Amino acid sequence: MTIGAIPVDQRVIGIDSRRFASVEKALVELITNSDDSYGRLERAGEGVSGEIRIAYERHQNGALLKVTDQAEGMSFARAADILTYGGAHSPLSRGEGEGRGFFGRGLKQAIYGLGHGWLETLHEARHTRIELFRDANGGYLFDDGEGDREATDGDHRRLGIAANGTRVTLVVENPLVAITQFHTLAQALANNVYLRDILERRVVSLAHLRRGRVVEESGRIRFQEPAAVVLLGPEQPASFLFQQREVPFTLTLKRSREAELTLHGDDRTNGLVVLAGMAALDCQLFDYENQVGTEYLFGSVRCPALLDKLAEGEAIISDEREGLNPRNAFVKAFSRAVSRLIAPHVLAEQEKLRHLARATTSQRTDHMIEHLLQRMSRAAVQDLGLAPPPGGEPREAAVLDTALRFTTPFYYRRPGHPFHVALLVDRGQLPEGAELAIDYALPDSLAIDAAPTRVRVDELDAAGRLEWTLSGEEEGARGEINVGAGAYWAWCEIVLAPNASRHAHGGVPHAPRRGPARDHGEAMFLGYEFRNLEETLDRAVYSPEERKILINTGAPTVQLYVDGRGHFRDSARLLLAELFLDVIAEELATRSLEKSGRQGSVADFHATKQAIVRRYGSEVHRAFLSG
């Protein structure tokens, strides 16, 4: 038995291993190595199976990984040679024209980053096994078994290798490495930028082991490209000049039809995968990286010369494989050429945003905004005594003075005695097919006979009355019922108190009044809409005719948060909170000053607006952040 230290400064191995301590990164390196080996056989004119089998046995505090191919296999001398470390020992340095991984470090990084492991390889009827592990002091060691031996039929059966091939086994014992679920790992491999090209030409599969037995299999792993339209290509030929030489490349650019694309990480689906030969070197959008208008663009660009430059020793990509090196002169020329080709399509996407008539929010955000606007409409009447702005034709006074009202705004009742809460509805003021939207804010101690959230107005009795029966035993219990229908709203407060009257109440009739009631009325803020307001660059404005807050999709700031399909990003809710607060505060301040006859004073306007922001600002922001 021959045990020795990996022949390189041990600190270098430690830095690399910590940087790449990930099951997924380790598998990328091992799959890439197998693909390289199949590629060498293909260039020699030999037929290959292209199989790369992965077995994964997950435990609570560790895991076992096995990656097996049926490619070249290695002689003992070749296997021992891979223990040397660094770029001088990579395939590129040997002039093989390929070279991925981490330039002679990938296998060792994968094993030491996860814990320990070994490789077994069959080549020309010989078996070689080399183990890589760490000693008690943390040193990086290997055991080469003092050479190879004759391969047996048992070796071939145990490894599942018919003739030549290699299996690398890794034991995941690093406590900092996440022990991935089987299905999560399969999906991560399918989406990995650096594997997509390999998954098309090789048959990669993942098996789930439990106590050494296969309990589940993934089938062939492949990247599922989203449905898309082709903008350039496929494989549209192009070229650029570098040092008086023409350098060819091909480009495929697509736009996703429906699917949201992942914008960052190794599972990124947005961007151009940069390919050179069999190597995937990066995924980006060059001069348009992270810019508005690129959210749905993806594809690939192939430039064989990138690999040639790597073989010549140029720093085309970083040693840590962080992508193309933007400071390299060749990469700069390549980037400019690709950017020029994709520029018209990025600009077209940006132009769509500039002329986007509307945008939408998610259902959750929309529901949150609806509640906020209802609250601020009530605040306008209840706190500030403001009537809604004029809009539409004036109406004659109705029997109820409004379309909706409760028989009393304040149900002050005794505990232990059931009581009725009644809503009165004037059908004549509501459109045909109108529906009541009902929101309950009742404590658990306050029981209610039924709590419908939607009731069609035409389902009410002839008197237009909707009634609930409530009861409770807890003194001091308090709740609310809010009802809305179109522009109209009504609310009542319910309190249980031991000193409340013993008599039933039918409520006090509401007489027509000049000012707005505090318990019912018309909403000042009926809703919101994303709309392109070409006449202004304001981010949002209030439309008194529609009683809506209009968010301007033509404003540059807003465009940053609206994607090419008109979807407002939920991650930008803080911007929405700011927009709504600014517009609401401005409208309430304007109407407050008009009511008091001080609308001409700029100083009064700013002071009133700031007072409203201070009063409601935290409530508005909490509403958006808690959604």
Side-chain angles (χ1 to χ4, degrees), residues 20 22-43 47-56 65-72 91 98-102 106-107 110 160 165-168 170 180-208 216-228 230 233-235 250 252 254 256 259 261-262 264-284 298-304 307 321 323:
F20 300 102
S22 154
V23 169
E24 183 184 343
K25 286 183 181 294
L27 286 176
V28 168
E29 297 312 310
L30 300 183
I31 293 168
T32 295
N33 288 345
S34 294
D35 181 48
D36 282 336
S37 185
Y38 280 125
R40 288 188 287 270
L41 290 174
E42 288 169 331
R43 288 192 294 277
V48 299
S49 69
E51 288 186 4
I52 303 174
R53 302 192 310 275
I54 306 166
Y56 182 51
L65 283 168
K66 301 177 184 179
V67 180
T68 307
D69 65 44
Q70 311 236 16
E72 301 165 296
E98 303 292 346
R100 293 170 288 172
F102 288 92
L107 173 65
T166 300
R167 169 179 288 176
V168 178
L170 301 93
T180 314
Q181 295 283 351
F182 172 76
H183 292 287
T184 302
L185 181 58
Q187 192 62 48
L189 294 177
N191 291 341
N192 191 281
V193 167
Y194 298 102
L195 293 181
R196 285 179 204 161
D197 209 38
I198 296 176
L199 297 178
E200 287 301 308
R201 61 177 173 265
R202 307 299 176 212
V203 182
V204 180
S205 61
L206 179 67
H208 187 191
E216 193 173 5
E217 293 185 280
S218 67
R220 183 175 180 179
I221 297 174
R222 303 182 88 154
F223 172 60
Q224 297 297 316
E225 183 178 287
V230 178
E235 304 296 339
T250 62
T252 302
K254 300 180 181 181
S256 171
L261 301 182
T262 304
H264 304 286
D266 285 353
D267 61 345
R268 173 176 177 169
T269 50
N270 160 258
L272 298 173
V273 179
V274 181
L275 302 166
M278 294 170 64
L281 304 177
D282 201 352
C283 184
Q284 59 161 295
F298 71 99
S300 62
V301 55
R302 296 180 184 271
C303 182
L307 212 57
R321 195 162 83 176

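Given the structure is predicted, the values throughout are model-derived calculations rather than measurements. Position 1 is the first residue of the sequence; numbering continues from there.
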So which heavy atom on [X] is nearest to which on [Y], and how close?
{"X": "Gly277", "Y": "Arg302", "answer": "O-NH1, 4.4 Å"}
{"X": "Val273", "Y": "Ala280", "answer": "CG1-CB, 4.4 Å"}
{"X": "Met278", "Y": "Arg201", "answer": "O-NH2, 3.1 Å"}
{"X": "Ser256", "Y": "Phe298", "answer": "N-CE2, 3.8 Å"}
{"X": "Val193", "Y": "Asp282", "answer": "CG1-O, 4.1 Å"}
{"X": "Leu307", "Y": "Ala276", "answer": "CD2-O, 3.6 Å"}

Looking at side-chain heavy atoms only, is the closest gap between [X] and [Y] below 4.5 Å?
{"X": "Leu170", "Y": "Leu30", "answer": "yes"}
{"X": "Gln70", "Y": "Arg53", "answer": "yes"}
{"X": "Val28", "Y": "Asn192", "answer": "yes"}
{"X": "Asn191", "Y": "Phe223", "answer": "yes"}
{"X": "Thr166", "Y": "Asn33", "answer": "no"}
{"X": "Val274", "Y": "Val301", "answer": "yes"}
{"X": "Tyr194", "Y": "Cys283", "answer": "no"}
{"X": "Leu189", "Y": "Val204", "answer": "no"}

Can you check whether [Y]'s main-chain N or O pairs, donor with acceptor, with [X]'s side chain at less than 3.5 Å?
{"X": "Thr269", "Y": "Thr262", "value": "yes"}
{"X": "Ser218", "Y": "Ser205", "value": "no"}
{"X": "Tyr56", "Y": "Leu185", "value": "no"}
{"X": "Arg196", "Y": "Ala190", "value": "no"}
{"X": "Arg220", "Y": "Leu199", "value": "yes"}
{"X": "Arg40", "Y": "Glu72", "value": "no"}
{"X": "Tyr38", "Y": "Ser49", "value": "no"}

Distance (rounded to the nearest 0.5 Å) between [X] [atom1] and [Y] [atom2]:
{"X": "Thr32", "Y": "Leu27", "atom1": "OG1", "atom2": "CG", "answer": "10.0 Å"}
{"X": "Gln187", "Y": "Leu206", "atom1": "CD", "atom2": "CG", "answer": "11.5 Å"}
{"X": "Lys66", "Y": "Ile54", "atom1": "NZ", "atom2": "CD1", "answer": "13.5 Å"}
{"X": "Glu24", "Y": "Ile31", "atom1": "CD", "atom2": "CD1", "answer": "9.5 Å"}
{"X": "Ile52", "Y": "Thr68", "atom1": "CD1", "atom2": "OG1", "answer": "10.5 Å"}

